[in-house]
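Before any comments, here is the structure.
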Amino acid sequence: MDWLTETKIPLGRWMRIGVDWLTTNAAGFFDTVSLVLGTVIEGLIDAMQWMNPVVLVLLFAALAWLVHRSWRLVLLVVFSGFLIINLGYWKETTETLALVGMATVVCMVVGVPIGIAAAHRPWLYHAIRPVLDLMQTIPTFVYLIPTLILFGLGVVPGLISTVIFAIPAPIRLTHLGISAVPRPLKEAAEAFGATPWQLLFKVELPHAMPAITAGLTQCIMLALSMVVIAALVGADGLGKPVVRALNQVNIAKGFEAGLAIVLVAIVLDRVCKRSGGGSGHG
């Protein structure tokens, strides 16, 4: 067995060489991406923090009512928002919402078209499936290192890492939804003269919408699960007090910050879930 260990494949060294080459030759590109993404996220945070917290909570509650017509959900949003304000974590909550929102938008804008293309071209899905498996299974700390080197300390490496971790969900579920469209339904649309674009927007996407919505919800939950990891590379949000509580072995602070994360997760999950049937009883 010695021959197997003596001839080690230098995978780690190749990775380091690749990252060093990108740092040297594409520094301008990564600086631009970091500046643009950082500016957008900071703008979202400033907009949410500019508003009165109570007003913003009530706006979120109104949005929940418009989407689901559920008083139970409205009460959940109001209770959760006021409790987070009372605990003193509203600033961190807005920072987390901005990070999760931005990551979710990027994942859906990129992931849904890739899922549609993969459903129409099976060879493409077979090609990207190992990459999606790798993105979901590789430990997050592993790709935090190159993103930290390429984008510097701050919210942007946290955002990029979150996108890498969460984007397989919308790709897979969009592919699943489009692939599950019944063949007779598509043949009927084609028989009536539907163009490929009409077939996509009037038949395939409406039929696949439950799966795409499930991909959205799962993407949000995966992005939210990364807030503590993102805090380790300088991203603000609810992950920072959790990390501080861990370093200080502060049970009270850790419980309160963890509870705020749980409340945000529950509210986002309930609000983003597809409405079951329009009942006003929640």
Side-chain angles (χ1 to χ4, degrees), residues 63-70 72-73 76 100-140 143 159-226 264-282:
L63 176 63
W65 171 255
L66 288 174
V67 173
H68 292 280
R69 292 291 194 273
S70 169
R72 292 179 183 175
L73 182 57
L76 174 64
V100 171
M102 186 67 183
T104 302
V105 168
V106 173
C107 288
M108 297 305 291
V109 168
V110 177
V112 171
I114 293 177
I116 293 171
H120 290 158
R121 299 168 180 82
W123 63 266
L124 176 60
Y125 184 69
H126 290 305
I128 66 174
R129 186 168 59 180
V131 179
L132 299 178
D133 293 338
L134 184 66
M135 292 165 72
Q136 287 190 303
T137 56
I138 190 170
T140 51
Y143 51 75
L159 173 65
I160 299 298
S161 301
T162 301
V163 169
I164 293 173
F165 182 67
I167 199 171
I171 293 177
R172 289 184 188 278
L173 286 166
T174 300
H175 168 267
L176 178 64
I178 297 294
S179 300
V181 177
R183 184 63 193 168
L185 187 62
K186 294 194 285 187
E187 289 175 348
E190 291 168 350
F192 281 99
T195 64
W197 284 107
Q198 289 174 328
L199 182 64
L200 174 63
F201 285 102
K202 295 186 177 181
V203 177
E204 292 179 332
L205 284 178
H207 189 277
M209 196 53 64
I212 295 174
T213 306
L216 170 64
T217 304
Q218 191 172 358
C219 180
I220 292 173
M221 293 299 103
L222 290 171
L224 191 56
S225 71
M226 286 288 290
V264 171
I266 292 173
V267 168
L268 289 177
D269 179 63
R270 298 294 186 273
V271 171
C272 295
K273 271 187 176 176
R274 190 175 176 85
S275 183
S279 172
H281 300 289

Looking only at non-hydrogen atoms, find the nearest pair between [X] and [Y] and report the distance.
X	Y	result
Cys219	Ala169	N-CB, 4.4 Å
Pro182	His207	CD-NE2, 3.4 Å
Ile164	Met135	O-CE, 3.3 Å
Val271	Ala64	CG2-CB, 4.1 Å
Ala127	Val131	O-CG2, 4.3 Å
Leu199	Ala189	CD1-CB, 3.7 Å

Just wondering, do [Y] and [X] contact through their side chains at under 4.5 Å, heavy atoms?
X	Y	result
Val112	Ile171	no
Thr162	Val106	no
Ile212	Met108	yes
Arg69	Leu66	yes
Arg172	Tyr125	yes
Leu268	Met221	yes

Under 3.5 Å donor-acceptor, His68 side chain and Arg270 backbone: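 Yes.
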Interatomic spacing from [atom1] in [X] to [atom2] in [Y] - rounded to 0.5 Å:
X	Y	atom1	atom2	value
Leu205	Leu200	CG	CG	4.5 Å
Ile116	Ser179	CD1	OG	11.0 Å
Thr174	Leu216	OG1	CG	10.0 Å
Thr137	Phe165	OG1	CZ	10.0 Å
His175	Ile128	NE2	CD1	8.0 Å

